[in-house]
There are 2 protein chains.
Amino acid sequence: MGTTQLESVPEPKYLHLKTVLSEALDQDFAVGEILPNERELAARFGVARATLRQALEQLELEGRLQRRRGVGTTVAPPRVGVDVGSASQHSWPGESIDGWEPVDAAEEAVLTPALLKLLGSAPGEMVLAVRRSRVEQGQVLAAELLYVPASSVPGLSAIDAPAGPARARAVMRELQKLVLDGQDRSVELGSARAEDAKELDRLPGAPVLLVTTRYFTVAGTAAVSVATYRADTCRLTFGDSGDVQITHDARVAS
Amino acid sequence: MGTTQLESVPEPKYLHLKTVLSEALDQDFAVGEILPNERELAARFGVARATLRQALEQLELEGRLQRRRGVGTTVAPPRVGVDVGSASQHSWPGESIDGWEPVDAAEEAVLTPALLKLLGSAPGEMVLAVRRSRVEQGQVLAAELLYVPASSVPGLSAIDAPAGPARARAVMRELQKLVLDGQDRSVELGSARAEDAKELDRLPGAPVLLVTTRYFTVAGTAAVSVATYRADTCRLTFGDSGDVQITHDARVAS
DNA sequence: AAGTGGTCTAGACCACCGT
DNA sequence: CGGTGGTCTAGACCACTTG
């Protein structure tokens, strides 16, 4: 008798904290609003900073918060719906106006075994790598590496544009002359390599969605794209009628 | 003078640790093999356990490791390619034999504002919720909640199967009589709710891939599915020729 | 009971951003 | 410069699995 056992399975502190914070975000904060700093929040809830951070981390993972070193923690807007192309269409990305910006093209292309397998090309064969980034409303949403075996695009050797965006654009133009026969795509969770992290304005190791696409012509695999999307801000859509909108009913900060 | 500045931008310890471990996994360990425990690993690398854990956490996130409380940390097999349906097909999931197992069906259906919006149905309307789980090779890969407005399926009220799998199966049968007019899909990162976590044999908060699908008939939105996939073990494929295989060249443990 | 990973603490210092 | 989030430490205890 006496002691009431409220929770037979006591919830970890950071999980409880997370739900409490989550509700507070819905009720007491507006999008863009800045939260009290971590030390103060921790004190307010009577936990160590590490515990508080564990809760914040998950909320950021879910796209509810945005944390920036030296600045603070702000309430994130609902995730952007990013169209990744309906699988029924089969088109090179960037054919219509959709935010893909060519960055550079290199001939080296560091090929992992996994990539070689995807390309289905002989080892030692020349493979171009085109770097592009997907920008929307001034924010970089994704960084892409497009691997193109030289053999799949005849006109490739004639390109003499200087390194940089111009060269990348030239490669894309050549590529888009090919008639696509099909494509397949896969999505998985990853963490940003240092290089991509910088491009995405995140810290290395930040969670990202890895979208791997193979482009086929009748001749075989014409190219493989590996696109790295910010997992915190992006919701990938595969719409055939793609106006899916999940909106939090949060007011906009003044 | 004297001190050589080796790294102008010193890499965080846990990141360096991660790459070291990653290489060790490729070279010195076989899939399924069990690693030394965290305390020993930390000591071996001369770091605090928390730091070691930060590295392990990311490797698990990338699907390289699997950690189980009370057991240990093992080398994970390459991610399973899980077909999520080609967007060009438009079929109810589970029409062919694909691992979806009905679990239960309830009439309550806790509807968040976001879900209501997705369903496009009037608030207060009756909405059924069908629980299913996707099992492959004895492992639960995903947990799904299928929301079905009663109004979209005429035969629904006639179902009198007892609660449990039988009831869920009956609802699915009714549903599959409807002719689909289209569907759209979105994928985003989330963390497992306690309920789903249990189903997926993970801890609450574990990273998951949230696949939201809307099914349309000519009459409008017929159903909305929210599927929660284990992000650590699953690679979602949207293949039209779906044999994408990214394999680590790791040997299988004896 | 012993051993594992999971949670939590109270501190310290560092890297970065703004003023 | 002061304030923010990011990294790191050395401990402690808890929850879980297995023999």
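Proteins get letters first, then strands, A, B, ... in listed order; numbering begins at 1 in each. Computed from a predicted model, the values in this text were never measured in an experiment.
With a 4.5 Å cut-off on side-chain heavy atoms, A/Gln139 and A/Val80 do not count as touching. A heavy-atom distance below 4.5 Å is found between the side chains of B/Gln58 and B/Tyr14. Looking only at side-chain heavy atoms (C-beta outward), B/Lys18 and B/Gln54 stay at 4.5 Å or farther from each other.
Under 3.5 Å, the side chain of A/Arg49 and the base of D/dG6 form at least one donor-acceptor pair of N or O atoms. Taking 3.5 Å as the limit, the base of C/dG5 and the side chain of B/Arg39 contain a donor-acceptor pair of atoms between them.
For B/Thr73 and C/dG5, the shortest distance from a side-chain N or O to OP1 or OP2 is below 4.0 Å. Considering only side-chain N and O atoms, B/Asn37 lies under 4.0 angstrom from the phosphate OP1 or OP2 of C/dT4. Residue B/Arg67 places at least one side-chain N or O closer than 4.0 Å to OP1 or OP2 of C/dG6. In terms of phosphate contacts, B/Arg68 brings no side-chain nitrogen or oxygen within less than 4.0 Å of OP1 or OP2 of D/dC16. Remark: B/Thr51 is not in phosphate contact with D/dT7, judged by side-chain N or O atoms under 4.0 Å from OP1 or OP2.
Atom pair A/Arg69:CZ and C/dC13:P shows a separation of 18 Å (rounding to whole Å applied). Atom CD in A/Glu60 sits roughly 14 Å away from atom C1' in D/dT4 (whole-Å rounding). Atom P of nucleotide C/dT7 and atom NE2 of A/His16 are separated by 16 Å, given to the nearest angstrom. Put simply, CG on A/Leu56 is 8 Å from P on D/dG5, counting in whole angstrom units. D/dT4 atom P lies 14 Å from atom CZ of A/Arg53, rounded to whole Å. Atom CG of B/Asp201 is separated from atom P of D/dC16 by 12 Å (rounded to the nearest Å).
Comparing C/dG5, D/dC8, C/dC8 against the side chain of B/Tyr14 picks out D/dC8 as the nearest. Set against D/dT9, D/dG5, D/dC16, the side chain of B/Ala50 has D/dT9 as its closest nucleotide. Nearest nucleotide to the A/Val47 side chain, out of D/dT4, C/dT9, C/dC8: C/dT9. Minimum atom distance to the side chain of B/Val71 is reached by D/dT17, of the listed C/dC8, D/dT17, C/dG5.
Within the 4.0 angstrom heavy-atom criterion, only backbone atoms of the sugar-phosphate kind lie near B/Leu203; the bases stay farther away.
Between A/Lys13 and A/Gly70, the residue whose closest nucleotide on DNA chain C is further toward the 5' end is A/Lys13.
A/Arg67 and A/Thr73 share no donor-acceptor pair across their side chains, judged by distance under 3.5 Å alone.
The aromatic rings of A/Phe238 and B/Phe238 lie parallel to each other, with less than 30° between the two planes, well short of the 60° mark.
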